[in-house]
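Please read the structure below before turning to the comments.
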Amino acid sequence: MPRNPFFEAWDTPFELPPFEAIRPEHFPPAFDRGMAQHDAEIAAIAGSSAAPSFANTIEAMERGGRLLDRVSRVFNNLTSSATNEALDAIDRDYAPKLAAHFMRIALNTALFARIGALYRLSGKLGLAPDQVRLLERYHLRFVRNGALLDAEQKARMQQITERLATLHTLFGQNVLHDEDEWCLVLDETDLEGLPDFARQAAAEAARERGLGSKYVITLARASIDPFLTFSARRDLRRAAYEAWSARGEHPGAHDNRPMIPEIMALRAEQARLLGYKTFADYRLDDTMAKTPQAAENLLRQVWAPARRKAAAERVELAEAALDDGLNEPIAPWDWRYYAERVRRARYELDEAAVKPYFVLDNIVAAAFDTAGRLFGISFAERRDCPVYHPDVRAYEVRDANGRPIGLFLHDNFARPGKRSGAWMSSYRNQETLDGDVLPVVVNNNNFSKGDPTLLSFDDARTLFHEFGHGLHGLLSWVRYPSQSGTAVRRDFVEFPSQVFEQWIAAPEVLRRYARHYRTNQPLPEELLQRLLAARNFNQGFATVEYAACALLDLDLHSRPDAGAVDIGAFEREFLDRLGMPPDIGLRHRPAHFQHLFAGGGYAAGYYAYLWAEVLDADGFAAFTEAGDPFDPALAARLKAIYSAGDTADAMELYRAFRGRDPAIQPLLAQRGLTE
């Protein structure tokens, strides 16, 4: 039998996958063996003649599925960051098989009987607090997956789960297909208004596609956003915006619209089987928000002031457009262009003049230094680590005593075969169950490669955001794998990432790391102050663009008849009912809304970013009140949140840091939505 790297020990730094030795054909037999081993482990636990104990049931489950976990992590990371047709085919084949495997475990009657017996006796078992929570979460997870259903209902739940896994996989692959297939090829004469950094990125994208004398705009956000912001060619802005907006809804094999009603029908049925009126009720029952009404109430608190602010912004944009000779209403492909014009005039702030001060390598160094000053950790590049693409850089992370605490991989550039957006994932999670296991965390961004790569202020904030997620994984110090790092409730997982964003705007950080790529001179103080003064600019637009998506998500998943919906008609009716400004498009239209339909993680949960922003704005206000963005006592309490994983209730962790419940006023002020 040919050697399969997944069946061998990995003698690599931090046991990184030996990427050069791993080929697509290695995954199917590795998945098969991993599932078989896991099945055997679960059967041994469920069928044990010994009375259930925390050790022989819960801890035994925590130790189970090691091979399957290793294979899945490598596979899922590659299909997100460096996929190809062979991996996509395996993904389509194994998504329902893996879903069925885990649902069989969740619906195992004998296994749940052991968990239930322990749960009923939890107060008498002498468990530590992290063990009590782990047991409670196991019991709840099994109940929410259908452990209390009858045999017929369990069979149906199994069918639903398998079908949803297939649909989620196809949805994400269709979006990536549209993003890879489309590009806008430009000549020198088409570049009017584009600053040097945007031209260089477009030239690099053309070279990557073998179009050396041309310029290319892609559907990566780092390419499309600058084009919509700076291109003086309204016809080309419209073409780019409409291509961006139409992802996932081209008739034919890659059209996502027919899949959405089926996904919605299956989710609604799943919720009804579990005793909930709607999928939104089911999903939010296990969150900080608890109910769809609570999540919607938060969104409505920002919706009205955001619309008012956007209306005021529109007046200024219309005046700028009129001065430019545009005698028709502002369209969605105009907003960013004229917003930049107004911003430049009001704050004497030209993004093209600011961007040369935001060099990618410097912003990475700023993130590392900020983490060091807050949490006492350091980053040392490792060039001896195997990586899955030449773009990836590896860093060993050490604590204040110089001891390694993990490995950090940074994958920052857009390319074909890599999905759009920005995200954090891991190749290995931290745990101490059977000795110290150190995490291997990866951050993905999609910046346009340049020489050097220059970032917008928003790009820099995105890098800090994902790095905040990365720190949540790297600083984790828990006993059990299921409680490690980011394994927290969905509307709390964004707090560690979003609060870390705050430090990119700290003047101390900007003065040190915002340096011109040619002269190495720091960002002039006057320009720095104008940049900070402009942070609330266009926040009406940004808040409307986001909040409309979150409200659409809740509305759609709150419909008992969601499976009967015509998604195009629903979108139009919802936006009309909401009062969506016609010149502001949805940040994510349904056919490419991967948060909702390329997986179930954020379904009925897209509001979580705003929920977490309440926490992060209020949380960072503590540092402002202390007069020091690196206040040691506050930093230590914040580090405790990053380290705790899911060992305690999210609100309890926040209260221990802040000393009280969060307030919404700092969020409204942060977004400039106060009167």
Side-chain angles (χ1 to χ4, degrees), residues 27 31 35 68-69 71-81 83 85 87-106 141 144-146 156-180 247-250 253-271 273-274 278-280 282-283 286 417-421 423-425 444 486 490 493 549 552-554 556-557 562-563 565 567 588-606 608:
F27 285 103
F31 274 130
M35 285 189 283
L68 183 57
D69 181 68
V71 178
S72 297
R73 287 183 183 279
V74 176
F75 184 77
N76 292 337
N77 276 291
L78 291 181
T79 54
S80 295
S81 301
T83 197
E85 290 183 7
L87 290 176
D88 285 348
I90 296 167
D91 202 6
R92 292 190 294 271
D93 186 19
Y94 273 84
K97 295 178 182 177
L98 290 163
H101 168 78
F102 287 108
M103 187 53 71
R104 281 195 304 273
I105 296 172
R141 190 183 315 150
R144 286 176 61 80
N145 277 309
R156 181 56 185 154
M157 185 68 83
Q158 182 95 19
Q159 293 171 345
I160 291 172
T161 303
E162 291 178 39
R163 181 58 180 160
L164 280 173
T166 295
L167 293 170
H168 293 161
T169 300
L170 290 171
F171 189 99
Q173 289 185 358
N174 287 344
V175 176
L176 181 58
H177 169 272
D178 284 2
E179 290 174 349
D180 281 349
R247 290 169 298 149
E249 62 174 29
H250 299 293
H254 300 285
D255 190 348
N256 276 333
R257 289 170 296 180
M259 285 194 287
I260 294 175
E262 185 179 359
I263 291 172
M264 296 303 305
L266 291 170
R267 288 175 177 169
E269 183 182 358
Q270 185 182 52
L273 281 170
L274 294 168
T278 70
F279 183 81
Y282 161 69
R283 174 47 56 86
D286 187 34
K418 181 180 180 182
R419 69 177 174 89
S420 62
W423 66 97
M424 168 267 187
S425 59
N444 277 274
T486 58
R490 181 63 66 182
V493 75
C549 290
L552 180 148
D553 169 33
L554 284 173
L556 185 60
H557 283 101
V565 73
I567 195 62
H588 307 286
R589 294 188 60 223
H592 57 253
F593 205 162
Q594 297 196 75
H595 285 79
L596 304 195
F597 301 119
Y602 280 91
Y606 193 63

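Side-chain atoms are counted along with the backbone in the values below, which use heavy atoms only and exclude waters and symmetry mates.
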For this session: Determine the interplanar angle of the His177 and His254 rings, folded into 0 to 90°, and report it as parallel if under 30°, tilted if 30 to 60°, perpendicular if over 60°.
Result: parallel
Seminar exercise, completed: For Ala591 and Arg257 the tightest heavy-atom approach is CB-CG, 4.2 Å
For this session: Using modelled atom types only, decide if a donor and an acceptor are shared between the side chain of Asn76 and the backbone of Ser72 within a distance under 3.5 Å.
Result: yes
Problem set entry | Side chains of Arg92 and Gln173, donor plus acceptor under 3.5 Å | yes
Seminar exercise, completed: Between Thr79 and Thr83 the two heavy atoms that sit nearest each other are O-CB, 3.5 Å
For this session: Search all heavy atoms of Ala280 against all heavy atoms of Ala604 and return the closest pair with its distance.
Result: CA-CB, 3.9 Å
For this session: Applying side chain to side chain contact (heavy atoms under 4.5 Å, CB included), run through Tyr606 and Leu554 and close with a yes or a no.
Result: CA-CA 8 Å; Tyr606 193 63; Leu554 284 173; over 6 Å; no
Problem set entry | Partners passing ring-ring contact (aromatic ring centres under 6.0 Å, His included) against Phe171 (at least two apart in sequence or in another chain) | Phe597
Exercise. Got a second to check how far Met35's CE is from Ile105's CD1, nearest 0.5 Å?
Worked result: 10.5 Å
For this session: Could you tell me whether the side chains of Arg267 and Gln270 share a donor-acceptor contact shorter than 3.5 Å?
Result: no
Exercise. Counting N and O atoms only, with roles assigned by atom type, does the side chain of Arg283 sit under 3.5 Å from a partner on the main chain of Ala603, one being a donor and the other an acceptor?
Worked result: yes
For this session: State, with a plain yes or no, whether a side-chain heavy atom of Phe102 is found less than 4.5 Å away from one of Leu68.
Result: yes
Exercise. Going through the checks in order, is the side chain to side chain contact (heavy atoms under 4.5 Å, CB included) test met by His592 and Glu179?
Worked result: CA-CA 10 Å; His592 57 253; Glu179 290 174 349; over 6 Å; no
For this session: Could you pull out the closest heavy-atom pair between Ser81 and Asn444, with the gap in Å?
Result: OG-OD1, 3.1 Å
Exercise. Can you name the nearest heavy-atom pair linking Ala95 to Ala165, along with the distance?
Worked result: O-CB, 3.4 Å
Exercise. Got a donor-acceptor contact below 3.5 angstrom from the Asn145 side chain to the Ala106 backbone?
Worked result: no
Exercise. How long is the span from the CG atom in Asp88 to the OG1 atom in Thr169, to the nearest 0.5 Å?
Worked result: 9.5 Å
For this session: Rounded to the nearest 0.5 Å, what's the gap from OG1 on Thr166 to NZ on Lys97? Could you check?
Result: 10.5 Å
Exercise. Any side-chain heavy atom of Leu556 sitting closer than 4.5 Å to one from Met264?
Worked result: yes
Exercise. How many angstroms lie between CZ in Arg490 and CG in Asp286, if you round to the nearest 0.5 Å?
Worked result: 11.5 Å
Seminar exercise, completed: Residue set satisfying ring-ring contact (aromatic ring centres under 6.0 Å, His included) with His557, at least two apart, ordered chain then number -> Phe279
Exercise. Applying the side-chain contact (heavy atoms from CB on, under 4.5 Å) test to Asn256, which of Ile567, Asp178, Ile263, Asn174 qualifies?
Worked result: Asn174
Exercise. For Ser420 and Arg247, what are the C-alpha separation, side-chain angles and deciding distance, and is it a side chain to side chain contact (heavy atoms under 4.5 Å, CB included)?
Worked result: CA-CA 12 Å; Ser420 62; Arg247 290 169 298 149; 4.2 Å; yes
For this session: Go through the steps for His595 and Asp553 under the test side chain to side chain contact (heavy atoms under 4.5 Å, CB included), then give the verdict.
Result: CA-CA 10 Å; His595 285 79; Asp553 169 33; over 6 Å; no
Seminar exercise, completed: By ring-ring contact (aromatic ring centres under 6.0 Å, His included), His250 pairs with (sequence neighbours left out) none
Exercise. Can Glu269 and Arg156 be counted as an ion pair, charged N to O under 4.0 angstrom?
Worked result: yes
Problem set entry | Spacing of Arg419 atom CZ and Ser80 atom OG [to the nearest 0.5 Å] | 4.5 Å
Exercise. How long is the gap from CD on Gln158 to CE on Met103, to the nearest 0.5 Å?
Worked result: 6.5 Å
For this session: Compute the centroid of each ring, for Tyr94 and then for Phe75, and state whether the two points are separated by less than 6.0 Å.
Result: no
